[in-house]
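Take a look at the structure set out below.
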Amino acid sequence: MAKYPVKQPLKNLTDSLSKQMSQIDADLKSRAHTYNNIKGNLQSLERKTVGSLLTRTLADIVNKEDFVLNSEYLITLLVVVPKTSYNAWQKTYESLSDMVVPRSTKLIAEDTEGGLFTVTLFRKVIDDFKYKARENKFMVREFYFNEKELQSEKDEIIKLAADKKQQYGPLLRWLKVNFSEAFIAWIHIKALRVFVESVLRYGLPVNFQAVILHPYKKSMKRLRDVLNALFRHLDEAAAANMKDVSRKHQNNATCSSCVVSAGSM
C-alpha cells in the first residue's frame with residue numbers, strides 16, 4: 001500500500017512502475033558492463049596461457065636464468081622443436097649457423113606437440129640462424145626477455161582475478177534483490193491490466209472478481225483450452241488466435257499462471 005497506493009490515479013501508478021523498471025534496467029546494464037569487461041579481459045589473458053608453445057604467452061614458463069642478458073654480442077633465442085625432432089635438434093643446432101655457442105641449448109618446457117629450447121648465439125647471425133632453423137622445421141619464437149613486462153603481465157592476471165571475485169558477490173546479491181523487485185512490478189502491471197480490461201468489458205460501476213489460476217505445468221495447455229471454450233463468445237477474434245497465443249506462452253517459462261476476471265452476474 002505504501003509503494004503502490006490504491007488511491008493514486010492509474011497513470012501515476014504506471015509511471016511509478018515504469019520509472020522503477022527503467023532504473024533497474026539502467027543499473028543492470030552498468031553493473032553487467034563493468035563485470036563483463038573485467039571477465040572478458042581476464043579470459044583474454046588466460047587464453048594466452050594455454051595452447052601451443054608457438055602461440056601461448058611464455059611469462060609463466062621462462063626464468064631470468066634461462067637467458068644471457070645485458071650482453072653486447074650474445075643473445076638467447078627460444079626455439080620450438082617438434083618432439084620427433086629432439087635428436088635432430090641436439091645434433092644440428094650448433095651447425096645451423098656460425099657463432100652458435102656450443103652446448104648452450106636447454107629444454108625449458110614441453111607440450112603434447114613439442115618442446116621449447118633455448119640457444120645462445122652472436123647477435124649478428126640471428127637472421128641466418130632463423131632461416132636455417134626454419135628450413136629444418138625448428139620455429140624460433142619472437143621473444144626477448146623483459147622482466148618488468150613479464151611481471152606486469154602476471155600482476156595484471158592476479159589483479160583482474162581479484163577484481164572479478166570482488167564484483168561477483170555484490171552483483172549476484174543485487175540481481176537477487178532486483179529480480180524480486182522487477183517480478184513484483186510485473187505482477188502489479190498484470191493486476192492493473194486485469195482492472196482496466198475488466199472495466200472496459202463490464203463497465204462501471206466497478207464490479208468484477210479477479211482470479212489467479214496456477215496449474216501444474218503439464219496442465220497448462222488443457223487449462224487454456226477450457227478457458228478458451230468457456231469465454232469464446234466474449235471475443236471471437238481473440239479466440240481464433242488463441243492457438244498462436246498458447247504456443248507463445250508454452251515457450252515462456254515465466255507464464256506459469258493465468259489471470260482471468262469475470263463480471264458479477
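The chain is numbered in sequence order, starting from 1.
Contact check for Leu78 versus Thr118: side-chain heavy atoms found under the 4.5 Å cut-off. Between His188 and Lys3, the closest side-chain pair of non-hydrogen atoms is not below 4.5 Å. Taking 4.5 Å as the limit, every side-chain heavy atom of Leu28 sits out of range of all side-chain heavy atoms of Asn178. By the 4.5 Å heavy-atom criterion applied to side chains, Glu94 and Arg103 are counted as neighbours. The closest side-chain heavy-atom distance from Arg56 to Leu53 is below 4.5 Å. Between Val79 and Phe129, the closest side-chain pair of non-hydrogen atoms falls below 4.5 Å. With a 4.5 Å cut-off on side-chain heavy atoms, Ser52 and Glu113 count as touching. Side chains of Leu213 and Leu227 form a contact here, defined as non-hydrogen atoms less than 4.5 Å apart.
Taken together through direct or relayed side-chain contacts under 4.5 Å among Ile, Leu, Val, Met, Phe, Trp and Tyr, Leu13 and Met21 form parts of separate hydrophobic clusters. Residue Val140 is grouped with residue Phe117 when hydrophobic side chains (ILVMFWY) are merged at heavy-atom distances under 4.5 angstrom, including chains of intermediate members. Cluster annotation: Phe138 and Val101 are assigned to the same hydrophobic cluster (Ile/Leu/Val/Met/Phe/Trp/Tyr, side-chain heavy-atom contacts under 4.5 Å, transitive). In this structure, Leu77 is not a member of the same hydrophobic cluster as Val62, with clusters built from ILVMFWY side-chain heavy atoms closer than 4.5 Å. Leu54 and Tyr86 end up in different hydrophobic clusters when Ile, Leu, Val, Met, Phe, Trp and Tyr side chains are linked at under 4.5 Å.
Proximity of a side-chain donor or acceptor of Ser180 to a complementary backbone N or O of Lys176 within less than 3.5 Å is not detected. Within the 3.5 Å criterion, the main-chain N or O of Asn63 finds a donor-acceptor partner in the side chain of Asp66.
Side-chain polar atoms of Thr120 and Thr76 form a donor-acceptor pair below 3.5 angstrom. A donor-acceptor pair shorter than 3.5 Å can be found between the side chains of Glu135 and Tyr131.
For the atom pair Asn228 CG and Lys221 NZ, the distance stands at 10.0 Å (nearest 0.5 Å).
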Show me the donor-acceptor pairs, under 3.5 Å and distance only, between side chains in residues 159-174 and residues at least two apart or in other chains.
unit_1, atom_1, unit_2, atom_2, d
Lys159, NZ, Asp163, OD2, 3.0

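Of the candidates Asn41, Thr57, Leu45, Leu45 is the only one forming a side chain to side chain contact (heavy atoms under 4.5 Å, CB included) with Ile157.
Counting heavy atoms of neighbouring residues, nucleotides and ligands inside a 6.0 Å radius, atom NE2 of His33 does not exceed 12 of them. Heavy atoms from other residues, nucleotides or ligands lying under 6.0 Å from CZ of Arg193 number 12 at most. By the 6.0 Å contact criterion, NZ on Lys130 is enclosed, its count of non-hydrogen atoms from other residues, nucleotides or ligands being greater than 12. No more than 12 heavy atoms of other residues, nucleotides or ligands sit less than 6.0 Å from atom NZ of Lys137. The environment of Asp15 atom CG is dense: over 12 non-hydrogen atoms of other residues, nucleotides or ligands sit within 6.0 angstrom. Residue-environment remark: CZ (Arg222) stays at or below the threshold of 12 foreign heavy atoms within 6.0 Å.
Contact record, Arg123 with Ile75: NH1-CD1, 3.8 Å, taken as the closest heavy-atom pair. Contact detail for Gln20 and Ala185: the closest heavy-atom pair is OE1-CB, 4.1 Å. Minimum interatomic distance between Ile24 and Ala182 (heavy atoms only, all atoms of both residues): CD1-N, 4.2 Å. What you find for Thr55 and Arg141 is that their closest heavy atoms are N-NH1, 3.8 Å. Considering every non-hydrogen atom in both Lys83 and Asp111, the closest pair reads CE-O, 3.1 Å.
Between Tyr202 and Phe208, a ring centre-to-centre spacing not shorter than 6.0 Å is recorded. Taking the six-membered ring for Trp and the full ring otherwise, the centers of Tyr144 and Phe67 sit at least 6.0 Å from each other.
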Does the pair Ser18 and Thr14 meet the rule for a side-chain contact (heavy atoms from CB on, under 4.5 Å), with working shown? CA-CA 6 Å; Ser18 178; Thr14 54; over 6 Å; no
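In this structure, Trp89 and Tyr93 have parallel ring planes: the angle between them is below the 30° cut-off, well short of the 60° mark.
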